[in-house]
Structures are given as C-alpha cells and as structure tokens.
Amino acid sequence: MNDAQRAAVEHIDGPTLVLAGAGSGKTRALTHKIAYLVSRGVKPWRILAVTFTNKAAREMATRVQTHLNIPVEGLWIGTFHGICVRIIRREAERWGFKRDFTIYDRDDQLSTIKKAMKEFGIDKERLNPAHALHTIGRAKNEFTSPEDLENKLNGPDAKLKADIYRRYNELLKKAGAFDFDDLLMKPVEKFGRHPDILGEWQRRFDHILVDEYQDTNHTQYLLMKMLCGDYGHVTVVGDDDQSIYSWRGADITNILRFESDFKDAKTVRLEQNYRSTGTILRAANSVVAHNTNRMSKKLWTEIADGDPVEILECGSERDEAERIVSSLKNEMKEYGFSRKDFAILYRTNAQSRAFEDVLRRRGIPYVIVGGLRFYERKEIKDILAYLRLLANPDDEVAFVRAITTPKRKIGDRTIERVSQFVRENGITFIDALNRAGEYASGITATRLKEFSGILKAAAEKGAMSGIDAACEEIVEAIDYKAYLEKEHPENADERFDNVRELITAMNEYENPGEDDGLSAFLAEVSLMSDVDSWEGEVDRVTLMTLHSAKGLEFPSVFIVGVEKGLFPLSRAFDEEGQLEEERRLFYVGITRAEQRLHVSYAASRERYGTYSGGASMFIKEIPGDTCRLIVPEVHPRVSVTERRKPIRRTMEFEDYSQDIPDSDDLSPFSIGSYVSHPKFGRGEVTASSSSGGDVFLTIRFVGGMKKIKSSFVRNAQE
DNA sequence: ACCAGGCTTCTTTTT
DNA sequence: GAAGCCTGGT
C-alpha cells in the first residue's frame with residue numbers, strides 16, 4: 001500500500017473521507033481497513049460495510065478473509081437495500097411490520113400506482129403513472145413525506161400528487177409490501193420515532209464503512225448518520241467525478257460536504273492510478289476537466305504511456321458492430337488478449353442488439369449484462385407470483401397476476417369481488433378464496449376454490465420438501481409448459497428452461513436460518529442486480545451499459561455510440577447539471593480501460609424510427625495528442641441499399657435525406673489544427689464545444705489555455 | 001372472457 | 001420500429 005492508502009486504513013478513531021480516483025485502489029484500501037479493524041480487536045459483527053452491489057459485497061468479504069487468513073464471521077456487509085432488509089426483518093415486530101413482507105419491483109409499483117390513480121379518477125392523459133412514480137420515488141429518496149411533498153411542489157398538481165403518494169403508500173401497506181425506496185425510508189422513519197431502538201443499533205456497530213459514497217441519496221445519508229451516532233467512527237470512500245446516479249436520487253452534496261458534516265474528519269486523497277496507461281489517464285483527465293462542478297483532484301500514474309486512444313468513425317450502427325468485432329478479433333491476435341479481456345460499453349441497453357448479432361454470427365462467445373434481468377422475465381414473474389402469494393397472502397399484485405395466469409375463466413368482475421371481500425372483512429386473499437361461496441355463485445365459486453386448491457397443495461409441498469418442491473408443484477398444477485407453448489410458441493422451450501433454472505436456484509438456495517426460507521429467497525431475488533451474477537472469469541466478451549461498468553476494469557475497452565443525441569443523450573441538455581453527469585459517465589467508461597481504449601460513433605443511426613448520428617461533442621474533448629482517428633478508406637456514410645431499406649412512403653423519403661447528419665459539422669476548426677487570434681496570437685485547438693448555437697474552442701496559446709468563440713479566430717498554417 | 005387490430009409510448013441509466 | 005395498451009366486437 002502507498003502512504004495515502006495506509007493513512008486511510010490506519011485512521012480509525014474518527015471520521016475518514018477517502019477521495020479515491022478511478023483505479024486508485026479504493027476497494028483495496030477498504031478491504032484492508034476492515035481487516036485492520038479486525039486485527040485491532042474490533043469484532044467482525046460490529047463492523048458494517050456498505051457496498052454498491054451484492055457482487056462487490058461478496059468479493060469484499062472474501063478478500064477480507066483471505067487477507068486475515070481466518071474465517072470472519074458475522075461481518076455486516078451488503079448494499080444499503082440488503083442491509084435494510086435485514087434490519088427490517090429484525091425489527092419487524094417492534095416496528096409493526098410483518099416479517100414476510102414483499103418487495104415490489106417497478107412493475108408492481110406501476111400497477112399499484114395505476115390502481116391509486118384510478119381510485120382518484122385521474123386518467124393517465126392527465127398524469128403519466130410513470131411520471132407520478134418517479135416523483136414519489138424521488139420524494140422517498142429525499143426522505144420527503146406526502147405532506148412535505150405537497151408543500152415543496154406547490155404547483156397546480158401538488159395536492160393531487162401528494163394524494164396519490166399517500167394512497168399509494170396505503171396500498172403498499174395493505175399488501176404488506178415495500179418498494180425499493182421504502183426499504184431505505186422506513187428504517188429512517190422508525191429510528192426517528194424510536195430513539196431507544198436506534199440506540200441499540202448505534203451501540204451495535206463500532207465502525208461503518210460506505211463505498212461509492214458519491215452515489216448515496218439523502219435517505220441513505222440520514223440512515224448512515226443515524227447509525228453512526230455521536231461516535232463518528234465512519235469511513236466513506238468515493239469519487240465525485242464518478243457520480244452517475246443523480247437520476248435515482250444520488251446526492252453529490254453528501255460527499256462535497258462531508259468535511260463540514262463530520263467534525264475533525266480526516267481527508268485522504270488517493271490519486272495514484274494503478275490501472276490505466278498514461279495516455280488513457282491523460283485522456284480521462286482532460287475529458288473530466290471540462291466539468292466545472294468538482295473537487296480538485298489530479299490522477300497520475302507510473303504506468304507507461306501505451307497506445308493512443310483509437311477513435312473509430314463508422315457508417316451505421318451495423319457498420320460499427322462489424323468494425324468493432326473485427327478490430328477485437330485482430331487485437332486478440334496482436335496483443336494476445338482473450339475474450340474476457342474485452343468490454344463493449346454503451347449508453348443505452350438497446351445498443352447491444354447490433355453487437356449481439358455480429359458476435360453470434362461470427363461465433364464469438366459473449367455475455368450481456370443488464371437489460372432484462374432474470375427475475376424480471378415474464379415466465380419467472382408468473383411463477384413467482386404464486387410463491388409471493390404463499391409467502392404473503394396480502395400481496396394484491398401477486399394475487400391478480402397468479403389468478404389470471406394462466407387464464408382460468410375468472411374475469412375482472414370476479415377479481416374485483418374478491419378484493420372487495422378482502423377489504424370488507426380484513427382478511428387475506430387466500431382466506432377470501434376459501435370462502436368463495438359467500439360472495440360468488442355456482443361455477444365461479446368452484447373456479448376460485450380450484451385456484452385456492454392449487455395454492456394449498458403447493459404450500460403443503462413446500463412445508464414438507466422445500467420451496468423448490470412447492471414451485472414444481474405449481475408449475476405442474478397449472479400446466480405452465482402447455483401455457484407457454486400456447487402463448488409463446490416461438491420460444492416456449494427457452495422460457496421453460498428459465499423456469500427450470502428458477503427451480504434449481506431455489507434448490508441451491510441456502511437459507512441463512514433466521515428467516516422463513518421462501519420470503520428470504522424472494523427478497524434476495526428482488527434485490528439481485530445483473531452484475532451480481534456476472535462472472536468475469538468466464539472467457540466471453542462482456543457487453544454492458546456504462547452504468548453497470550462502474551467499479552470494473554478490462555484490458556481493452558470499447559465505448560460505442562459516442563454520438564450526437566445518444567451520448568450525451570439529447571435530453572441531458574434540458575436540465576442543469578445533466579450534461580456534466582453524462583460527461584462523468586464517459587469518464588467512468590474511459591477509466592475502465594487498462595491498456596487499450598476505443599471510442600466509436602456512427603455517422604447515421606436508426607433510432608426510434610428516425611435517424612441521428614455523427615461525432616458526439618465528447619469526441620472533441622479527447623486531446624489530439626492522446627488519440628488517433630481511424631476513418632474507413634471508403635467513407636462509409638450510408639450506403640445506397642441501407643438508405644433504401646427503411647423507406648416506405650414518399651413523405652419519409654423527403655424527410656430522410658435531410659436527416660443524414662454531417663458528421664463533422666461541429667466546427668470548421670478540427671482538434672489539433674492551428675488558429676490565430678488578433679490578441680492572443682497563434683494557438684492550437686484542443687477542444688471545441690457548442691452552446692446556444694455558438695461554437696467555442698479551447699485553444700492552447702503560448703500564454704495559456706483560453707476558451708474562445710470560434711468566430712473570433714481564423715485558420716492559421718502550421 | 002377473449003381476441004384482433006389500432007394506437008400510444010418508448011429508450012437513458014438501476015437498487 | 002416494436003412492444004404494450006386499449007377498445008370494440010364476438
């Protein structure tokens with residue numbers, strides 16, 4: 001360890017802020033610190049370590065163990081959400097929650113909010129449910145109650161939104177469900193109301209460590225502060241330049257004001273990078289230097305310069321995929337890289353498609369991380385609905401899904417009647433099904449009882465032979481295989497394989513003991529992210545979003561689709577600060593690369609039925625002396641056949657020709673060219689950007705760097 | 001209760 | 001452009 005790392009590790013008597021640049025060994029420092037604490041006599045179960053993903057948690061636990069060379073029992077390590085689930089389970093009784101609560105994912109949330117809106121008679125023309133959900137989620141991340149939200153918004157819809165928020169919460173409560181944000185918010189709320197219980201937890205932890213602190217939201221911040229109490233034995237590690245989750249409530253001010261928040265905080269900067277070549281690091285530093293809102297920090301490395309960043313101009317999305325796969329294959333030969341050494345990173349999940357096609361056609365094994373998560377697949381959610389209902393018979397969303405999948409001739413009216421019966425009698429959905437005779441007649445009652453029979457049989461199976469047996473029972477009873485073949489003949493087999501995989505996962509699931517197996521399994525599965533199950537050791541090319549790539553590193557990285565409109569996304573220009581966040585995301589991507597970095601863009605890309613493309617403004621922020629532009633011999637633009645294909649109507653034809661972007665229209669002054677200015681003299685263009693229709697150039701004059709409107713300078717010869 | 005076909009929404013990123 | 005949602009017909 002270097003001096004700075006050592007300082008961060010050994011400061012254990014007060015708050016520590018570790019400002020850790022990309023690749024500066026922060027995970028290493030954190031792991032060492034935990035080990036150090038244990039070696040100094042701190043009991044492992046009195047240490048709480050918060051990581052950003054479950055995978056990181058697992059890795060850290062393993063590394064601490066290897067480091068100490070003894071088993072470390074009882075360490076509290078996990079994501080904020082995971083830790084909160086544990087806390088809620090333990091305090092369920094005293095806080096008035098049921099232990100077998102359900103965790104609602106986005107789909108479940110959406111159907112709940114739609115129900116709430118329907119009750120208020122608001123149609124979705126007036127208020128988009130997704131937007132309402134966003135507002136509520138945001139509020140919960142900022143620890144804002146419906147009442148506070150109403151005051152805060154004070155627009156025409158303030159009352160309406162607050163009402164929906166309130167009702168939405170009631171519906172969750174009735175269903176015995178928490179959404180992701182509740183997992184964080186409820187503990188903070190309850191701790192605030194029960195100082196005695198909070199005291200117990202404060203005394204429980206001697207030291208708290210938080211990784212990726214720049215991406216914590218206000219509610220997480222409050223929780224952390226509460227648990228620290230007055231002792232302030234806390235270590236936070238983060239990098240303001242890598243804050244990329246503001247859209248999900250991450251509050252960068254948490255890290256910016258740590259020093260004023262915690263008295264006598266010791267700040268340690270880790271600025272030596274052990275990951276990337278000098279050139280890549282220089283490119284990264286220059287790019288992020290375009291941001292104004294940041295703490296001062298300058299990364300350096302002892303690693304040699306290495307190869308220039310390759311900037312690849314491509315014709316179309318397809319062309320981009322082809323070229324990149326070719327250059328990837330080429331690099332395997334030339335540098336001796338294997339498949340697992342490569343990552344293809346993109347801004348949006350939809351971009352994976354073209355690469356998938358090409359990789360598959362050329363027979364190169366790959367893995368896509370993200371996009372549709374395993375547990376979000378329809379077939380998995382269908383089966384899980386039954387299990388959720390068993391674990392928590394108040395879960396309305398699960399009830400509706402289970403009873404309608406597969407179709408069993410029970411319609412909306414009947415479902416509404418069951419719900420009403422549940423409400424009126426304060427009973428569970430399962431109880432209501434068993435008493436079907438009291439509100440439904442004849443054939444309908446028989447059908448309802450049939451459904452409840454399936455659940456009962458599964459519950460008995462589960463009690464006897466485990467959750468996987470219960471699951472199997474359900475799949476058989478509803479003849480899910482037949483259902484898949486009928487509904488999805490094109491990929492029924494694949495889907496059924498997923499169901500089998502689910503059963504296997506249940507079979508392998510080891511119940512940590514204190515919890516009921518089924519609800520513990522369901523909770524874990526809900527909090528699982530896609531990187532969690534990504535195995536970097538398998539020899540495959542990895543494809544993922546830039547967001548998912550945070551914290552990872554690869555010998556060779558391709559950042560693709562660095563185009564106008566796509567990265568930065570055009571909507572980043574709408575809101576203050578969003579552009580800088582996109583730039584940080586680019587910075588995160590660049591700093592994933594150890595040896596080779598490639599950045600590519602297409603001159604024209606079909607998106608959303610229309611066309612966009614051309615080099616992103618970010619391309620010009622990569623200094624000329626760190627990169628090499630690779631333009632295809634035959635300028636690709638768009639070939640004739642490609643132009644024809646999407647055209648159906650004459651109208652579109654006319655529009656289309658105008659849509660072809662000029663890939664180098666940002667400025668007549670290219671990076672690296674020389675210009676002269678009447679006052680500052682001759683200088684080299686190092687970057688250009690545009691805002692408000694004007695093009696600004698960053699120019700290196702003899703006297704220093706200046707940012708100047710392009711109309712004030714003229715071309716100069718070298 | 002279910003289906004077909006038209007219409008709108010969508011792609012930002014995720015625990 | 002595709003997927004999902006809604007509507008009106010059966």
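Note that the structure is a prediction, hence the values are computed from the model and not measured. A, B, ... follow the sequence lines: proteins, then strands. Residue 1 opens every chain.
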- Item | Interatomic distance, A:L223 CG vs B:dT15 P [rounded to whole Å] | 19 Å
- Return the nearest nucleotide to the side chain of A:E582; candidates are B:dT12, B:dC2, B:dT14. B:dT12
- Message: What contact category does A:R571 fall into here, base, sugar-phosphate, or nothing, at under 4.0 angstrom with non-hydrogen atoms?
- Response: base
- State whether the number of non-hydrogen atoms from other residues, nucleotides or ligands found under 6.0 Å of A:R58 atom CZ is greater than 12. yes
- Taking for each residue the nucleotide of DNA chain B bearing the nearest heavy atom, is the 5' side occupied by A:T348 or by A:I410? A:I410
- Task: Would you mind classifying the nucleic acid contact of A:L184 as base, sugar-phosphate or nothing, using non-hydrogen atoms under 4.0 angstrom?
- Result: nothing
- Query: Of the nucleotides B:dT14, B:dT15, B:dC2, which one has an atom closest to the side chain of A:Y245?
  - Reply: B:dT14
- Query: A:Y375 has an atom OH; how far is it from atom C1' of B:dT14, in whole Å?
  - Reply: 9 Å
- Task: Answer yes if the ring centres of A:Y346 and A:F355 are under 6.0 angstrom apart, and no otherwise.
- Result: no
- Expressed in angstrom and rounded to an integer, what is the separation of A:R583 atom CZ from B:dT12 atom P? 20 Å
- Over how many whole Å does the gap from A:L579 atom CG to B:dT13 atom P extend? 18 Å
- Task: Would you tell me if any nitrogen or oxygen in the side chain of A:T545 comes within less than 4.0 Å of OP1 or OP2 on B:dT14?
- Result: yes
- Message: Of the listed nucleotides (C:dG1, B:dT14, B:dT12), which one gets closest to any side-chain atom of A:S548?
- Response: B:dT14
- Message: Without decimals, in angstroms, what is the distance between A:H547 NE2 and B:dT11 P?
- Response: 14 Å
- Task: Name the residue closer to the 5' end of DNA chain B, choosing between A:R413 and A:Q109 according to the nucleotide with the nearest heavy atom.
- Result: A:R413
- Task: Can you tell me the distance, in whole Å, between the CG atom of A:L183 and the P atom of B:dT14?
- Result: 19 Å
- Task: Name all residues meeting the side chain to side chain contact (heavy atoms under 4.5 Å, CB included) criterion together with A:T591; count only those two or more places apart in sequence or in a different chain, and write none if there are none.
- Result: A:A22, A:A284, A:Y587
- Task: Determine: side-chain N/O of A:N349 to OP1/OP2 of B:dT13, distance under 4.0 Å, yes or no.
- Result: yes
- Is it true that A:R388 and A:D108 have a side-chain N and a carboxylate O under 4.0 angstrom from each other? yes
- Item | Sidechain N-carboxylate O distance under 4.0 Å for A:D239, A:K26 | no
- Item | A:R353 CZ - C:dG1 P separation (whole Å) | 14 Å
- Whole-Å distance separating the NE2 atom of A:H218 from the P atom of B:dT15: 23 Å
- Task: Take atom P in C:dG4 and the same atom in B:dT13, then report the distance between them in whole Å.
- Result: 15 Å
- Message: Over all strands shown, is A:S526 touching base, sugar-phosphate only, or nothing at heavy-atom distances under 4.0 angstrom?
- Response: nothing
- Task: Kindly point out which of B:dT13, B:dC2, B:dT15 is positioned nearest to the side chain of A:K407?
- Result: B:dC2
- Hits for salt bridge (Lys or Arg N to Asp or Glu O under 4.0 Å) against A:E91, two or more places apart or cross-chain, chain-then-number order -> A:R94
- Closest to the A:K114 side chain: B:dT15, C:dC5, B:dT13? C:dC5
